[in-house]
Number of protein chains: 2
Amino acid sequence: MNVLLRAELLKRVSVVSFKRGEVIIDANKVNTKSYYILEGLTRTYFLKAGKEVVEYFSSENEWANSPRSWRSGKPDIYSVDAIENTSALCIHVDDMIFLFNTFPELDKYGRLSMITLLDHLIERVASFRFTTASEKYIHFKQTYPLIHHRIPLGMVASYLGISQETLSRIRMK
Amino acid sequence: MNVLLRAELLKRVSVVSFKRGEVIIDANKVNTKSYYILEGLTRTYFLKAGKEVVEYFSSENEWANSPRSWRSGKPDIYSVDAIENTSALCIHVDDMIFLFNTFPELDKYGRLSMITLLDHLIERVASFRFTTASEKYIHFKQTYPLIHHRIPLGMVASYLGISQETLSRIRMK
DNA sequence: ATGATTTTTTGATCCAGGTCAAAGGAATTC
DNA sequence: GAATTCCTTTGACCTGGATCAAAAAATCAT
């Protein structure tokens, strides 16, 4: 990696930790930071008719953030909290923008992230559109072998769009 | 628009027409072309357990293509055919690539298309995840006021992920 | 037009998975 | 280690929408 880039990164990034259950991003506030998980596990969720709906999980080497909030400068619907004690790199959006502007080689990384996101969404559409509850669960375990057992059942159910009771019954074979 | 770009475009684009029902892109063949609809309506679909599943419709000023096929050089799952008599601009991927390489100002257009696609996918996830059959239909009519009545019921049902019978009953109030 | 084909509607039946309610289990807290 | 809180399982019941089948309506080709 470019030496200058590394130097700028170190200058702009800090390490933060959160205890299990702690709120990392609050949907009621403007969020201007992005978190790159070093260790631990987070869940991004929003409220729908008073219930928490899980949008996705982030674990080691993944991002947790609220991009629409930092782009718009307003609160967005998503909150993030820690499922486990979690440590992460924290970077302010302004620094992020500075880095992207200063180091065009980062564009490749940005484009790649976008494609990863696209693939993920395409798969989610297919999941909700075509698969049964137990297919969803089997696929989830295959896709996230390292984290699926670290997440409370109810959150997995919410992520998969099925009820906790149904998922419990499925898991009991 | 850049005069040079306009000239290059004209050189590389041709107008083609298709009769209702005619196949525009065949999932069994490698596809190297993109179509920009001038007039008419197409449907992009794939086969799932022997049944045609509609992925999306394209009408005036929208694209119909098979991007994974032209990127991979192999056939992809998607076929496209004409719901109405349709005329379109046709451009070969190689020319597309040439234009993007030659005119960097097109990148903005590319990025915008990507974001449009992202938004569309996000909405589709939400649709399949949270909405009832009749909400889907109401939303579809609102979103596509200009084309919803031009598409056979069964195709709309397939696009929305509900059965034709159910959609028929919904439409009868 | 008229017969053929495609599309839509209607009826009957069925089931995956939701909801509600309550009881068990596990994990934290003091 | 008892108490509180959270998480998971189990049971009973219900419903939206799928499927199958067939009639009715619309559209097309000759």
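In what follows, chains carry the letters A, B, and so on, assigned in the order in which the sequence lines appear, proteins first and then strands, with residues in each chain numbered from 1.
In this structure, CD of Gln164(B) is placed 10 Å from C1' of dT6(C), rounded to the nearest angstrom. Summarising the geometry, the separation between CG on Asn85(A) and C1' on dT28(C) is reported as 14 Å, rounded to the nearest angstrom. Put simply, CG on Leu153(A) is 16 Å from P on dG25(C), counting in whole angstrom units. Between Ile83(A) atom CD1 and dC7(D) atom P the separation is 11 Å, expressed in whole Å. Atom CD in Glu165(B) sits about 15 Å away from atom P in dA12(C), given to the nearest Å. Counting to the nearest Å, the P atom of dA18(D) and the CD1 atom of Ile162(B) are 7 Å from each other.
Between the side chains of Ser113(B) and Thr116(B), no donor-acceptor pair is found at a separation under 3.5 Å. With no hydrogens or angles considered, no side-chain donor-acceptor pair links Ser69(B) and Asn31(B) at under 3.5 Å.
Residue-level contact check: Arg171(B) touches the backbone only, with heavy atoms under 4.0 Å from sugar-phosphate atoms and none from bases. If you check every strand for non-hydrogen atoms under 4.0 Å, Gly161(A) touches sugar and phosphate atoms only.
The side chain of Met172(B) approaches dT10(C) more closely than any other nucleotide in the set dT8(C), dT10(C), dA18(D). The listed nucleotides are dG17(D), dT9(D), dT19(C); the one nearest the side chain of Ser163(A) is dT19(C). Comparing dA18(D), dT9(C), dT9(D) by their closest approach to the side chain of Ser168(B) singles out dT9(C).
Using a 4.5 Å heavy-atom threshold, the side chains of Cys90(B) and Tyr36(B) count as separate.
The base of dG11(D) sits within donor-acceptor range of the side chain of Arg169(A), with an N or O pair under 3.5 Å.
Test Phe140(A), Phe128(A), Tyr137(A), Tyr56(A) against Tyr159(A) for ring pair (Phe, Tyr, Trp, His ring centres under 6.0 Å) and you get one pass: Phe140(A).
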